[in-house]
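One structure is given below, encoded as structure tokens.
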Number of protein chains: 2
Amino acid sequence: MRLSDSIESFIKQMIGAAEDTEEEGIELRRNELAEYFHCAPSQINYVLSTRFTPEHGYMIESRRGGGGCIRIVHVETSPTDHLDYLIREKVGTSLTEPEARLLLRQLTVSNAISATDATLIAAALSPQSLAVPIPEELKNALRAKIMRTMLLTVVRRIQSERRGPTAMIIRERKV
Amino acid sequence: MRLSDSIESFIKQMIGAAEDTEEEGIELRRNELAEYFHCAPSQINYVLSTRFTPEHGYMIESRRGGGGCIRIVHVETSPTDHLDYLIREKVGTSLTEPEARLLLRQLTVSNAISATDATLIAAALSPQSLAVPIPEELKNALRAKIMRTMLLTVVRRIQSERRGPTAMIIRERKV
DNA sequence: ACTTCTAAGGTCAAAGTAGGTCAAAGAATT
DNA sequence: AATTCTTTGACCTACTTTGACCTTAGAAGT
């Protein structure tokens, strides 16, 4: 079995275990994990960037420096869900601006997302936002990625609101 | 947990407690605090300069010499003024991801934008969103443009909410 | 008043810690 | 054989912690 697959399933186990608790997602130390698997730390990045992408429903944030860490959150959309369908089938890997607008309209009228969220996403995908000298194809790829990541964020928020309005984790206080 | 975070939340607790009384802000002794946390005194300065800046809504004065001390005051600025200021002065034409996150944090703690908006914007600017093969400089230019467009969208929404059917909320200014 | 002492706080650079990127080499698939 | 996927390592960026050295305010001694 490939190393990457082992690391992938290890991380998925961690996430599975964390889902039973109240915690949202998991935190891991890149160097620890690399040492555990006797591999280069950058191998962890490879696994993350190939198997824990927004396309797979994962959101990642990380911090460098002392006490740094990598946080992974899995956002699950039920496969029967209309929103899930739109995200998977319509976003794809490339989105023109008109396509993006149409999709946002559909999402809004079907009440999948709020008009407010739609407006913000539209702003991020607008020509103004993407006014840098790169080929249009790359912009369309960008639109798809940004759209996907933002929709995932919205879904995550909506789900956590549904679970419990008081799920606000700020920071642990150790003094 | 990082030492700096502990110190930060300790200070914020002090400020929170002081806000219940009539006192304006708090006073602390640098050396005392450093001893309490078993760290170098300059660590306190580090925390102050990274987490209690004017951008975060804090004003700091200090006195040296015998009986010297550090005074920290949390100032409530008008959210829209602060937002305007940060858009004009801090966004610029290029934003690294850490810079963007810092800016969003500042906007959030000073109540210029909601945590929800901040999260959505952060999603748009995340490495995952911008995972296309273009040089980092272009990504930074993109971040700045996306940030500006989205913040302006937020401002416009806030302003139209104020004009709209919802009663005007006049906030008292404590300065 | 003037100088000196001492008790604060301030600055800055270096070391320490931790994650990110990229390209080249190696392995597996087609 | 060609292509694609995996693994590794050299180098980069970001955040934290510490310590040496500097500045200032007030107190004490003259």
Side-chain angles (χ1 to χ4, degrees), chain A residues 1-11 26-53 55-56 60-72 171 174, chain B residues 1-11 26-53 56 59-72 94-106 125-140 143:
Chain A
M1 194 193 204
R2 276 182 228 88
L3 219 201
S4 289
D5 293 337
S6 304
I7 297 175
E8 176 187 1
S9 55
F10 183 86
I11 294 177
I26 57 162
E27 262 179 25
L28 52 85
R29 326 294 308 281
R30 188 180 77 147
N31 288 342
E32 260 178 32
L33 201 52
E35 203 175 337
Y36 180 81
F37 282 100
H38 305 294
C39 66
S42 53
Q43 175 92 32
I44 308 300
N45 296 87
Y46 175 71
V47 173
L48 293 181
S49 66
T50 54
R51 291 135 154 96
F52 294 88
T53 66
E55 286 79 1
H56 294 107
I60 294 184
E61 343 169 33
S62 64
R63 279 194 71 165
R64 305 186 189 186
C69 69
I70 300 174
R71 158 168 289 277
I72 308 174
R171 190 171 293 156
K174 191 196 99 186
Chain B
M1 193 195 205
R2 281 175 224 90
L3 220 201
S4 290
D5 293 339
S6 302
I7 298 174
E8 175 188 2
S9 55
F10 183 85
I11 294 176
I26 58 161
E27 264 180 22
L28 52 85
R29 325 295 308 283
R30 188 180 77 148
N31 287 342
E32 258 178 33
L33 239 199
E35 202 176 338
Y36 181 79
F37 282 100
H38 306 294
C39 65
S42 52
Q43 175 92 32
I44 308 301
N45 295 86
Y46 174 71
V47 173
L48 294 180
S49 65
T50 53
R51 288 130 155 104
F52 294 89
T53 67
H56 287 100
M59 308 253 62
I60 293 184
E61 351 167 25
S62 64
R63 228 189 20 255
R64 307 186 186 190
C69 70
I70 300 172
R71 155 170 290 276
I72 307 174
S94 178
L95 269 183
T96 65
E97 211 233 337
E99 283 169 346
R101 268 190 293 159
L102 177 64
L103 183 54
L104 287 173
R105 186 169 163 220
Q106 294 170 346
L125 305 178
S126 71
Q128 285 185 320
S129 284
L130 305 185
V132 293
I134 60 175
E136 196 59 27
E137 279 171 37
L138 275 182
K139 291 189 189 179
N140 292 339
R143 281 199 190 88

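Source: prediction; values computed, not measured. Any value given below was found using the heavy atoms of this structure, including those in side chains, with hydrogens, waters and symmetry copies removed. So that the names make sense, note that chain A is the first sequence line, chain B the second, and so on, each numbered from 1.
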Worksheet item: Atom CD of Glu97(B) to atom P of dT21(C): distance rounded to whole Å?
Response: 9 Å

Item to complete: Mark yes or no for a side-chain to base donor-acceptor pair under 3.5 Å between Arg64(A) and dT13(D), with no hydrogen or angle criteria applied.
Response: yes

Worksheet item: Can you find an N or O donor on one side and an acceptor on the other, under 3.5 Å apart, linking the side chain of Arg29(B) with the base of dG9(C)?
Response: no

Practice prompt. Could you check how far CD1 of Ile7(B) sits from P of dC15(D), rounded to whole Å?
Written response: 18 Å

Discussion item. What is the distance, to the nearest angstrom, from the OH atom on Tyr46(B) to the P atom on dT11(C)?
Written reply: 16 Å

Worksheet item: Quick one: does Ser129(B)'s side chain have a donor or acceptor within less than 3.5 Å of a partner on Leu125(B)'s backbone?
Response: no

Fill in: Pairwise 5' ranking along DNA chain D for Ala40(B) and Cys39(A), keeping only the more 5' one
Cys39(A)

Discussion item. Less than 4.0 angstrom between a side-chain N/O of Ser42(A) and OP1 or OP2 of dT7(D), yes or no?
Written reply: no

Worksheet item: Under 3.5 Å, is there a donor-acceptor pair between the side chain of Arg2(B) and the main chain of Gly67(A)?
Response: yes

Item to complete: With DNA chain C as reference, determine whether Gly67(A) or Lys139(B) sits nearer its 5' end, using the nearest nucleotide of each.
Response: Gly67(A)

Practice prompt. Please state how far atom CD1 in Ile44(B) lies from atom P in dT16(D), giving the value in whole angstrom units.
Written response: 14 Å

Discussion item. Check whether Thr53(B) reaches the backbone of Ser49(B) with its side chain - one donor and one acceptor, N or O, closer than 3.5 Å.
Written reply: no

Worksheet item: Rounded to whole angstroms, how far apart are CZ on Arg30(A) and P on dG9(D)?
Response: 13 Å

Worksheet item: Hey, does Gly65(A) reach any base, or is it just sugar-phosphate, or nothing, if we go heavy atoms under 4.0 Å?
Response: base

Response to the item:
Ranking dG20(C), dG10(C), dA14(D) by distance to the side chain of Ile70(B), first place goes to dG10(C)

Worksheet item: Rounded to the Å, how far apart are Glu136(B) CD and dC22(C) P?
Response: 7 Å

Fill in: Residue whose nearest DNA chain C nucleotide is more 5′ - Pro127(B) or Asn31(B)
Asn31(B)

Worksheet item: Any side-chain donor paired with an acceptor under 3.5 Å for Ser4(B) and Gln43(B)?
Response: yes

Practice prompt. Provide, to the nearest angstrom, the distance between the CD atom belonging to Gln43(B) and the P atom belonging to dG16(C).
Written response: 16 Å

Worksheet item: Separation of Leu33(B) atom CG from dT17(D) atom P, in whole Å?
Response: 14 Å

Worksheet item: Any side-chain N or O of Ser62(A) less than 4.0 Å from the OP1 or OP2 oxygen of dG20(C)?
Response: yes

Practice prompt. Tell me whether the OP1 or OP2 atom of dT16(D) has a side-chain N or O from Arg51(B) closer than 4.0 Å.
Written response: yes

Practice prompt. Report yes or no: does Arg143(B) contribute a side-chain atom to a donor-acceptor pair with the main-chain N or O of Ser94(B) at less than 3.5 Å?
Written response: no

Fill in: Which residue lies more 5' along DNA chain D, comparing Arg101(B) with Pro41(A) via nearest heavy atoms
Pro41(A)

Discussion item. Taking only side-chain N and O atoms of Arg2(B), does any of them lie within less than 4.0 angstrom of OP1 or OP2 on dT17(C)?
Written reply: no

